[in-house]
Structure formats: structure tokens, C-alpha cells
Engineer: 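To start, I am sharing the structure in question, which I have written as C-alpha cells.
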Amino acid sequence: MRAFLIAGLTALAVAACTPAEGEHGALSGGCDARGVATWNTPADANASVEAITTGPDCARAVATLIIRNGSGEPIYSETHIPSQVMTLAQASTPAAMQTALQEWVDPASNTTMQTSSALPEWPADADSPQNGEFPFYPAEGMTRESYNQLRDANLPLYCYVQGMESLNCLALRDGALESIGVQSFPG
């Protein structure tokens with residue numbers, strides 16, 4: 001009887017602390033919203049990208065991007081302030097944030113570089129990869145040699161808007177994501 005009572009109280013406590021999910025997956029209250037997309041790659045056809053915002057209102061929310069492998073394990077996460085992310089900055093209501101999050105996580109919106117072979121070339125005499133008016137800044141510690149090895153490996157890429165004028169690019173290798181660098185674009 002005691003175990004049953006404790007289990008029942010635990011279930012009630014969890015239900016009381018868990019926000020209710022509303023229409024289209026948006027969580028009730030404040031600026032709680034969620035977007036989810038499947039990221040089909042040759043290495044993991046069931047990977048997913050998820051974004052969640054929470055906050056007292058959309059002007060004071062935080063957004064967390066989570067990439068999970070096909071087993072549901074998180075392999076990457078990053079938290080951003082929505083007002084500093086071009087895709088999310090104009091979302092001022094939970095419904096607008098829901099729409100913006102869905103767009104933000106959609107791998108189909110990354111039409112420029114879907115594999116590491118599409119990364120800009122890094123010439124031998126240059127300090128970084130060259131891409132005309134769209135500079136690419138390699139991640140800290142990335143050498144020309146390691147960058148070119150990633151390009152040659154033709155790995156799945158997930159690039160997402162991570163600021164007002166840039167994309168963060170991640171390569172999927174051996175079940176893990178590694179940061180390659182940031183692609184800027186004119187704002």
C-alpha cells in the first residue's frame with residue numbers, strides 16, 4: 001500500500017511540474033514552444049533536431065537546440081538567446097516562436113552545404129577557407145590539414161543559423177558531431 005501511495009504521489013508531482021502540451025506541440029505558458037525535424041543522413045536515418053524555448057515571455061526566452069541520434073541520445077546541444085538568432089528574433093508570441101523553431105531546425109533549410117565536401121576550399125597560401133563574400137571561419141584548433149580531411153571524407157553536415165549573420169556547421173562522424181566552423185553571410 002505504501003509503495004502504491006508513493007508511486008501515485010510521484011506521478012501527481014511530475015504531472016503538476018510538467019507543462020501541458022498544447023496545439024502543435026507548443027507548451028502552455030510564457031514562451032514555451034518546440035520544433036522537431038528528422039535529419040536523414042546515410043550514417044543515421046533516424047537522427048533528429050529539436051529546438052525548445054522557455055521563458056516568461058518571448059522577449060526573455062532562451063532557445064536550446066538539441067541533435068539526437070537515431071536511438072534518441074543527445075549528441076549535441078547549444079543554448080541561444082532568440083533575439084540574437086536571425087531565424088527566431090522576430091517571434092514575439094508562442095505561436096510565432098513555434099513556427100520559427102520549426103523553420104530553424106528543418107535540415108531542408110540548409111540547402112547550401114549538406115556534406116563536408118561542399119565546404120569552401122582552404123588554399124595553401126590562405127589563413128582560412130576562401131568563399132568570396134561569405135567568409136568561413138574554422139573552429140578553434142582546426143588546421144588546414146584537418147579541415148581538408150573533413151572535406152575529403154564527405155560527411156553529413158548540419159549547419160544552422162546561430163546568430164544574426166552566421167551559420168554554425170557541424171559534421172557527423174562516427175556517431176558524434178564536431179564543430180567545423182562558422183559561415184558568415186551578409187546581413
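Here the structure is a predicted model, which is why all the values come from computation and not from measurement.
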Engineer: Is it true that a side-chain atom of Thr53 and a backbone atom of Cys31 form a donor plus acceptor pair closer than 3.5 Å?
Structural biologist: yes
Engineer: With a 3.5 Å distance limit and no angle check, can you tell me whether Ser116 reaches the backbone of Leu155 through a side-chain donor-acceptor pair?
Structural biologist: yes
Engineer: Within the 4.5 Å heavy-atom criterion, are Asn168 and Cys159 side-chain neighbours or not?
Structural biologist: no
Engineer: Would you indicate whether Gln130, at its atom CD, is surrounded by more than 12 heavy atoms from other residues, nucleotides or ligands within a distance under 6.0 Å?
Structural biologist: yes
Engineer: Is it possible for you to say whether Ile52 and Ile81 belong to one hydrophobic cluster, with membership spreading through side-chain heavy-atom contacts below 4.5 Å?
Structural biologist: no
Engineer: Provide the closest heavy-atom pair for Gln102 versus Gly35 in the form atom of the first, atom of the second, distance.
Structural biologist: OE1-CA, 3.3 Å
Engineer: Does Glu178 reach the main-chain N or O of Leu172 with its side chain, forming a donor-acceptor pair under 3.5 Å?
Structural biologist: no
Engineer: Any non-hydrogen side-chain atom of Val85 less than 4.5 Å from a side-chain atom of Pro82?
Structural biologist: no
Engineer: Any sub-3.5 Å donor-acceptor pair from Thr99's side-chain atoms to Ala95's backbone N or O?
Structural biologist: yes
Engineer: Ser184 side chain to Glu165 main-chain N or O, any donor-acceptor pair under 3.5 Å?
Structural biologist: no
Engineer: What pair of heavy atoms forms the shortest contact from Arg34 to Leu101, and how long is it?
Structural biologist: N-CD1, 3.7 Å
Engineer: What are the two closest non-hydrogen atoms of Val161 and Trp104, and how far apart are they?
Structural biologist: O-NE1, 2.7 Å
Engineer: Any heavy-atom pair between the side chains of Thr38 and Asn46 that's under 4.5 Å?
Structural biologist: no
Engineer: Using side-chain heavy atoms (C-beta onward) and a distance below 4.5 Å, is Leu157 in contact with Thr115?
Structural biologist: no
Engineer: How about Tyr147 and Pro129: do any of their side-chain heavy atoms sit closer than 4.5 Å?
Structural biologist: yes
Engineer: Is the side chain of Arg144 donor-acceptor paired with the backbone N or O of Trp122 at a distance under 3.5 Å, no angle test?
Structural biologist: yes
Engineer: Determine the minimum heavy-atom distance between Ala171 and Leu150, stating which atoms define it.
Structural biologist: CB-CD2, 4.4 Å
Engineer: How many angstroms lie between atom CE of Met142 and atom CG of Asn148, to the nearest 0.5 angstrom?
Structural biologist: 10.5 Å
Engineer: With heavy-atom distances below 4.5 Å as the criterion, would you say the side chains of Trp39 and Asn69 are in contact?
Structural biologist: no
Engineer: Take Val182 and Leu167 through the side chain to side chain contact (heavy atoms under 4.5 Å, CB included) test and state the conclusion after the steps.
Structural biologist: CA-CA 5 Å; Val182 174; Leu167 300 170; 6.0 Å; no
Engineer: Can you tell whether the side chains of Glu73 and Arg68 come within less than 4.0 Å, N to carboxylate O?
Structural biologist: no
Engineer: Give me the atom names and distance for the closest heavy-atom approach of Leu170 to Ser179.
Structural biologist: CD2-CA, 3.8 Å
Engineer: Does some side-chain heavy atom of Ser128 sit less than 4.5 Å from a side-chain heavy atom of Pro135?
Structural biologist: no
Engineer: Over 60° means perpendicular and under 30° means parallel, so classify the ring planes of His80 and Tyr160, tilted if in between.
Structural biologist: perpendicular
Engineer: Show which side-chain atoms of residues 58-67 pair as donor or acceptor with protein atoms under 3.5 Å away, not counting sequence neighbours.
Structural biologist:
residue: Arg60; atom: NE; partner: Asp57; partner atom: OD1; Å: 3.3
residue: Arg60; atom: NE; partner: Asp57; partner atom: OD2; Å: 3.0
residue: Arg60; atom: NH2; partner: Asp57; partner atom: OD2; Å: 2.6
residue: Thr64; atom: OG1; partner: Thr79; partner atom: OG1; Å: 3.4

Engineer: I'd like to know if the side chain of Tyr158 and the backbone of Val105 have a donor-acceptor N/O pair within less than 3.5 Å.
Structural biologist: yes
Engineer: Is the closest side-chain heavy-atom distance between Gln183 and Ser166 below 4.5 Å?
Structural biologist: no
Engineer: If you round to the nearest 0.5 Å, how far is CD of Gln162 from OG1 of Thr87?
Structural biologist: 10.5 Å
